[in-house]
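By convention in this document, chain letters (A, B, ...) are assigned in the order of the sequence lines, proteins followed by strands, and residues within each chain are numbered from 1.
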2 protein chains.
Amino acid sequence: MAATLGAVAKQAGVSVSTASRAFNEPGRLSPSTVERVVAAARELGYQPNHAARALATGRRGSIALVVPDVANPVFASFVKAAQAQGWQQRQAVLLADTDESPELERRLIARLLPQVDGIVLCSSRLELEELVSLDARIVLVNREVPQLPSVLVDASTGMRQAVEHLHALGHRSLAYVQGSALSWSNSERLRLITENAERLGVALEILHPQAPTYDGGIAAAANIRACGATAVVTYNDLVALGAVAQLTAMGIAVPGDVSVIGVDDIAMASMSVPPITTIAVPMDRAGRVSIEVMQRLLGGHEGEPALVRLETQLKVRGSTAEPVRKGTPA
Amino acid sequence: MAATLGAVAKQAGVSVSTASRAFNEPGRLSPSTVERVVAAARELGYQPNHAARALATGRRGSIALVVPDVANPVFASFVKAAQAQGWQQRQAVLLADTDESPELERRLIARLLPQVDGIVLCSSRLELEELVSLDARIVLVNREVPQLPSVLVDASTGMRQAVEHLHALGHRSLAYVQGSALSWSNSERLRLITENAERLGVALEILHPQAPTYDGGIAAAANIRACGATAVVTYNDLVALGAVAQLTAMGIAVPGDVSVIGVDDIAMASMSVPPITTIAVPMDRAGRVSIEVMQRLLGGHEGEPALVRLETQLKVRGSTAEPVRKGTPA
DNA sequence: CTGAAAGCGCTAACAG
DNA sequence: CTGTTAGCGCTTTCAG
């Protein structure tokens with residue numbers, strides 16, 4: 001059906017290899033030849049057969065994206081950006097969703113690895129040893145493993161700004177609502193908020209890990225009240241949103257009685273009432289950059305595995321608008 | 001590096017063709033042979049080379065998903081379900097995001113078509129003729145084209161329930177805030193609400209198309225007030241959310257003064273205050289089903305192009321909780 | 001039930 | 001600058 005390189009070659013009156021070169025190394029051909037081949041190709045509607053090329057070169061021309069949950073807005077914007085960048089670099093992007101399951105993740109990786117050039121593994125739930133034993137062309141996102149190239153979100157700037165912002169508002173007692181205790185992002189955020197709270201002499205209460213969801217936030221509200229903190233930072237915006245809703249339902253005003261800060265800057269954070277102050281995490285950039293890193297990795301640039309850190313930034317909104325009241329909450 | 005079929009064959013003491021058959025048509029081999037080959041394969045960690053198989057068979061083992069915007073929660077859940085289903089059917093899933101651009105969509109399709117078995121085109125923005133001229137292995141989602149297999153969301157049940165619900169609450173004047181005028185979904189919803197309003201003798205005001213976003217909803221609020229309707233159905237939840245926020249800001253109570261109903265049942269709809277009553281659209285089922293339809297299409301079952309309609313259902317929540325007041329709004 | 005052999009469409013030395 | 005010639009790893013007639 002589809003025209004092959006052979007057909008194009010015949011039509012242009014050259015050999016297959018010449019036709020091939022017209023596309024792959026036009027520099028090595030006389031301009032007129034290239035032109036003739038290109039014309040023939042267009043005439044026949046020639047489309048290269050990627051499977052054949054892959055078989056001959058060993059390069060698949062595709063990379064896989066493995067994420068815990070595409071339906072999560074954070075990963076969705078990551079995927080969107082990565083896909084766009086991949087397309088721009090003429091790489092097909094395979095998508096795999098692990099549904100937060102380490103076992104599924106493991107199987108997906110095994111099945112994908114032999115049929116793509118590389119895998120971008122986002123927020124992997126796998127053990128460290130398992131990750132390094134993969135040996136292969138893998139770029140990690142939101143996971144720090146010295147042996148592997150990775151792109152990380154560096155929450156330090158955002159977290160510093162968040163604690164300073166709260167401190168400036170007069171808050172002296174702070175709580176952090178954890179996300180999944182296993183996640184690299186959570187430990188980073190925990191570490192950073194601890195450092196900053198100490199530095200500024202703000203009391204810090206660490207609240208139990210919650211599912212990083214709206215319901216997790218609802219569940220956390222009681223603990224927030226119980227601990228008596230006047231300000232709270234949550235693992236992410238979803239938790240913040242749930243906490244704000246439940247706090248409000250319990251008669252605790254946000255930001256009147258307690259200030260709330262989330263992380264991620266998902267769309268919802270700006271649409272709620274009050275809108276949530278948040279540490280913006282550039283997952284779109286992470287998507288783009290991770291594909292670039294992968295490209296460099298495949299390009300065979302040896303040396304150290306790449307390590308890219310992406311900056312975060314505090315976005316102040318209504319959930320922290322007011323200075324702390326003199327009295328303590330509820 | 002990776003073990004080839006040849007290696008497996010040698011290890012098992014059989015020919016390549018036999019080894020091949022052990023995986024593809026084990027019925028034609030003696031059980032003991034199959035067993036031997038399988039054992040050898042596992043021993044060598046054999047992984048079939050998809051590129052080679054594709055070259056030999058013409059089947060790529062992969063299908064592409066083309067969506068307008070993965071970051072849109074509606075499409076995200078579609079993609080998630082489609083991916084899961086594809087994986088289950090041992091089909092790799094390529095992802096392409098058109099960013100709502102018809103030109104990009106066109107180019108993506110052209111580039112993808114030759115390298116996948118088929119394309120699932122979700123909410124295509126292309127012209128009818130362009131779509132049919134594609135001739136190829138395409139399954140449409142949210143777009144009705146007689147010549148092409150498609151899976152459609154049938155809003156009729158949900159819309160009937162919505163208008164009846166509003167009518168039962170005492171509403172006699174209704175407004176519909178349109179989404180993109182070009183979209184198939186929008187015209188369907190417009191048609192259905194018109195039919196239902198007429199049937200129940202409810203006055204209906206059609207409001208200008210808005211961008212199907214939160215900001216579109218904000219912009220629509222003024223028109224909603226101006227038209228004097230006591231209840232409004234919006235193209236989707238995002239618009240509903242924006243409208244509710246702005247209406248509230250203008251001093252119009254929801255659902256006190258006006259009731260609002262959205263479409264989609266995105267997560268955000270249940271998290272807002274008040275939570276949005278909505279017509280739930282099963283995009284996850286659409287994702288799963290569209291892959292199944294594609295599979296059947298590729299299986300070569302001729303006959304009519306498949307046409308699947310998915311039911312919708314009203315989910316009543318706080319944005320329509322109260323019966324209509326005697327007086328008219330603002 | 002199993003093997004031999006001919007490609008699928010393309011690339012990549014190797015020769016001119 | 002261009003053509004010849006082998007394959008890449010797998011499937012698939014065609015013969016046993």
* Base, sugar-phosphate, or nothing: which does A:T57 touch, judged by heavy atoms less than 4.0 Å apart? -> sugar-phosphate
* A:R143 (side chain) donor-acceptor with A:L126 (main chain) under 3.5 angstrom -> yes
* Structure fact -> When A:R36 and B:N24 are each assigned the nearest nucleotide of DNA chain D, the 5'-most assignment goes to A:R36
* From D:dC10, D:dG9, C:dT2, nucleotide with atom closest to B:R53 side chain -> D:dC10
* B:R107 to A:W87 six-membered ring, cation-pi geometry met (6.0 Å, 45°) -> no
* Asked: Just to confirm, is there a sub-4.0 Å distance from OP1 or OP2 of C:dC8 to any side-chain nitrogen or oxygen of A:N49?
  -> no
* **Identified side-chain contact (heavy atoms from CB on, under 4.5 Å) partner of B:V66 from the options B:L95, B:V120, B:L121** => B:L121
* Asked: Over how many whole Å does the gap from B:E25 atom CD to D:dC10 atom P extend?
  -> 16 Å
* Asked: Given atom NE2 of B:H50 and atom C1' of D:dC8, what is their separation to the nearest angstrom?
  -> 16 Å
* Asked: Taking the side chain of A:L55 as its heavy atoms from C-beta onward, which of D:dC8, D:dC10, C:dT2 lies nearest to it?
  -> D:dC8
* How long is the line joining CD of A:Q115 and P of D:dC10, in whole Å? -> 13 Å
* To do: Would you mind reading off the bend of the helix from C:dC1-D:dG16 to C:dG16-D:dC1 from its two end axes, five pairs each, to 10 degrees?
  => 30°
* Asked: Are A:R106 and A:E103 within salt-bridge range, i.e. N to O under 4.0 Å?
  -> no
* Taking the side chain of B:A52 as heavy atoms from C-beta outward, which of D:dG9, C:dG3, C:dG9 is closest to it? -> D:dG9
* Determine the contact category for B:Y46: base if any of its heavy atoms lies under 4.0 Å from a base atom, sugar-phosphate if only primed atoms, P, OP1 or OP2 are that close, otherwise nothing. => sugar-phosphate
* Check ion pair A:D97-B:K80 (N to O, under 4.0 angstrom) -> yes
* To do: Check whether the side chain of B:S17 and the base of D:dT11 form a donor-acceptor pair under 3.5 Å.
  => no
* Asked: Is there a donor-acceptor pair under 3.5 Å between the side chain of B:S20 and the backbone N or O of B:V16?
  -> no
* Please tell me which of the listed nucleotides, D:dG3, C:dT2, D:dC1, lies nearest to the side chain of A:S30? => D:dC1
* Asked: With respect to the side chain of B:L5, which nucleotide from D:dT12, C:dT11, D:dC10 is positioned closest?
  -> D:dC10
* Classify the nucleic acid contact of B:S20 as base, sugar-phosphate or nothing, counting any heavy atom under 4.0 Å across all strands shown. => base
* A:S15 side chain: which of D:dG3, D:dT11, D:dG7 is closest? -> D:dG3
* To do: Ignoring the backbone of B:T33, work out which of D:dC10, C:dC10, C:dC1 is nearest its side chain.
  => C:dC1
* Asked: Is the shortest side-chain N to carboxylate O distance from A:E144 to A:R309 below 4.0 Å?
  -> yes
